[in-house]
Structures are given as structure tokens and as C-alpha cells.
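In what follows, a structure is listed as C-alpha cells, so that the remarks can point back to it.
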Amino acid sequence: MSYWRQYLAISPFYLIFAAFSFFPVFYSLYLAFQRWDGLGDMQFVGLQQFRFLWSDPVFWLSIRNTLVIWVLSTVPTLFGALALATLLHSVRRFKGFYRIALYLPNVTSIVAVAIFFGAVFSNNFGLVNAILGTVGISPVPWLSNPWLIKVVISLLMTWMWTGYNMIIYLAGLQAIPASIYEAAKVDGAGPVRTFFQITIPIMRPIILFTVIISTINGLQSFSEPQVLFASNAANANLGGPGQAGLTTLLYFYQSAFLNNDYGYGAAIVWAFFLLIIVLVAVNWRITQRGRKP
């Protein structure tokens, strides 16, 4: 017990973590087997919530929406981040300015960015449709077409997270010794061959990290569709027209905090947690494929 003062000094973090993170996680698992409206007595229902979940068409709609948005945002985010990092790595002047400019969207409020995108892609008065109108193109229903709704949300997420991944890739590129590229150049390797046969293999662990982080973050989209398509008198359902932007976490929010069905909301997030684990494992296997033991 000679270190009790040190343990006492760090104890507030662990107490707060246990009270507001550790306990709620396992309490939500307990709630998944109960029917509770937040005020009355809990009623144990066993696996009934999960059986209803399996046959709930809105839940599967939210899963499809989430997966489509995840693919449309994650793929261009990672490719764009790697391309920007490669270009920035070769820049000699104003490198600090470019880093700040490209990373700035990641530290901007998601709510503010979502409001901005909602105004830019507005069906009637949006900047994008105004630009298209100058070249004779009819207004595009960005926020009412089911697929274009997903595209707008994906663009928002891509704009937010490209700079974050770019900084990580740039750090990895700067850690590669210049002597390796000089040796490849002496052997006659061109820029494309050097990139795919030297840079990518060396960067594989970093790419794996960004793939996993992007998978977890991309599947947890909530604020973007929530702000873009907030529930109102004209749109009683979250997620926009036809619930095309209804993600799984948004459906959880609707079930638990709008419909006061906390047990079913807990079942949604735990089923979704298992899906995230599966997708992370699949991405891990795909990224690791071809790696030499």
C-alpha cells in the first residue's frame, strides 16, 4: 500500500468511468431482457425483444441504410486520405498550413457541419442546385431522394474524417526511411511501382488501424442524419422522407427516448454491437490477406 496516494490521485477517473461507462453498458444488457418505459416496473420478457427485432422491418431498414452510408463514406475517405497524405508528404512549402486546413473539418462541430450541408444541398435554395442551375441543370432532390439522402450523409462524413485519417497516414509516410525509396529508384522502380510495392506494404499496419477505426466510426452515424432530418410536424419519422437516412443508432434513439421503449432500444444496440464486431473481424481478415507470416 506504499502507492496509495498515487492510486487515490487517479481514482476519480476510474470512478467516473465505472459510473458513467462501465455500469451503463452492462445495465443496458440487463434492460435488453426487460420491458420498461422508464417509469413503471420492469417486466422480464427473456428473448422476446430479440425475436421481435428479428422480424422488425424498420430495424433491417436501418441496418441497410447504415451499411450503405458506411460504404459510401468509408471507401472514399480512406482512399482520399491516403492520396492527400502522399501529396502532402511531397510538398516542401506551406506544409503546416495544409495540415491544419485539411484537419480542420475533423474538429468542427458535427451539428454545425450538418446544418451547413443541409443548407448547401437544400432542394429549393441550396448552393449546389444554384450552381447546377447556372449551367441549365434542373434542381436535384438531394434531401428527398432515398439514394441522394445517403450520398449527402456520406459526403458529410467523408468531409469530416478524411483529414483525420490523412494525418495518420502522413505520420506513417514520414516514418519510412528515405534510403528505401532511394534504393528502389536505383533499381529502376517508378513512382507507381514504388507506391504499391514499398509504401503500401510498409503502411499495412497503419492502414489496418484506419480501416478498423473507420468501420467503428462509420457504423455509428447518428448526429448527421439526426440534424439533417430532425423530427417535426411535416416529418414525423426520423431519417428523412421514406426513412432513407434512418441509421441504426438513430432508430435506437427513436425507440428508447422518443417511444420510451428502453428494453427494445437496448436490444437494438446490443444486436448492432454484434454486427460491428463481425464487420471489424471481416475487415481485419481482408486487410491481413496476403500478408506474409
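Heavy-atom basis, side chains included; hydrogens, waters and symmetry copies ignored. Heads up: numbering here begins at 1 and tracks the sequence.
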### Message
Could you see if L274 belongs to whatever hydrophobic cluster contains V280? Use Ile, Leu, Val, Met, Phe, Trp, Tyr and a side-chain cutoff under 4.5 Å.
### Response
yes
### Task
Answer yes or no: is there a side-chain heavy-atom contact under 4.5 Å between Q49 and Q34?
no
### Query
Stepwise, does the side chain to side chain donor-acceptor pair (under 3.5 Å) test hold for D56 with Y251?
CA-CA 11 Å; D56 183 4; Y251 185 44; 2.5 Å; yes
### Query
Mind checking whether Y262 and N260 have side chains closer than 4.5 Å, heavy atoms only?
yes
### Message
Tell me if the centroids of the rings in F33 and F50 come within less than 6.0 Å of each other.
### Response
yes
Please list, one pair per line, the donor and acceptor atoms closer than 3.5 Å that link side chains of residues 159-179 to other protein atoms, with sequence neighbours excluded.
residue : atom : partner : partner atom : Å
T162    : OG1  : T158    : O            : 2.5
N165    : ND2  : W161    : O            : 2.8
Y169    : OH   : T210    : OG1          : 2.6

### Query
Should we count OH of Y181 as having more than 12 external heavy atoms under 6.0 Å?
yes
#### Entry: Close side-chain approach of L246 to F229, heavy-atom, < 4.5 Å
no
### Task
Compare all side-chain heavy atoms of I153 with those of M157 and state whether any distance is below 4.5 angstrom.
yes
### Query
So, the side chain of T134 versus the backbone of I131: is there a donor-acceptor pair under 3.5 Å, distance only?
yes
### Task
Starting at CD1 of I213, measure out to CG of N283 and round the result to the nearest 0.5 Å.
12.0 Å
#### Entry: Polar side-chain atom of S214 near backbone of T74 as donor-acceptor pair, under 3.5 Å
no
### Query
Which atom names give the shortest non-hydrogen contact between L156 and A114, and what distance separates them?
CD1-CA, 3.5 Å
### Task
Step through the shown structure and confirm whether more than 12 heavy atoms of other residues, nucleotides or ligands are within 6.0 Å of NZ on K95.
yes
#### Entry: Donor-acceptor contact below 3.5 Å, side chain W60 vs main chain W54
yes
### Task
Over 60° means perpendicular and under 30° means parallel, so classify the ring planes of F117 and F121, tilted if in between.
parallel
### Message
Taking CG in D187 as the centre, count heavy atoms belonging to other residues, nucleotides or ligands within less than 6.0 Å. Is the count above 12?
### Response
yes
### Task
Using only heavy-atom distances, determine whether the side chains of T248 and T66 contain a donor-acceptor pair under 3.5 Å.
yes
### Message
According to side chain to side chain donor-acceptor pair (under 3.5 Å), does anything in residues 146-155 pair up with another residue at least two apart or in another chain? List the pairs.
### Response
N65-K150
### Query
Under 6.0 Å from the CZ atom of F195, do we count more than 12 heavy atoms belonging to anything else shown?
yes
### Query
Hey, does the side chain of S90 reach the backbone of L87 with a donor-acceptor pair shorter than 3.5 angstrom?
yes
### Message
With rounding to the nearest 0.5 angstrom, report the CD1 to CD distance, I69 to E224.
### Response
8.5 Å
#### Entry: F125 atom CZ, neighbour heavy-atom count above 12 within 6.0 Å
no
### Message
Is the distance from the ring center of Y30 to that of F26 below 6.0 Å?
### Response
no
### Task
Please check if L155 and L127 belong to a single hydrophobic cluster, counting links between Ile, Leu, Val, Met, Phe, Trp and Tyr side chain heavy atoms closer than 4.5 Å.
yes
### Query
Does a side-chain heavy-atom distance below 4.5 Å link W36 with D261?
no
### Task
Could you label the plane-to-plane angle of the W270 and F273 rings as parallel, tilted or perpendicular, counting under 30° as parallel and over 60° as perpendicular?
perpendicular
### Task
Go through F252 and F222 one step at a time and tell me if the side-chain contact (heavy atoms from CB on, under 4.5 Å) criterion holds.
CA-CA 10 Å; F252 151 73; F222 168 78; over 6 Å; no
### Message
Any non-hydrogen side-chain atom of L143 less than 4.5 Å from a side-chain atom of L148?
### Response
no
### Query
So, do L67 and W70 sit near enough that their side-chain heavy atoms are less than 4.5 Å apart?
yes
### Query
Parallel, tilted or perpendicular: which fits the ring planes of Y264 and F52, with parallel below 30° and perpendicular above 60°?
perpendicular
#### Entry: Minimum side-chain heavy-atom gap L132-V128 below 4.5 Å
yes
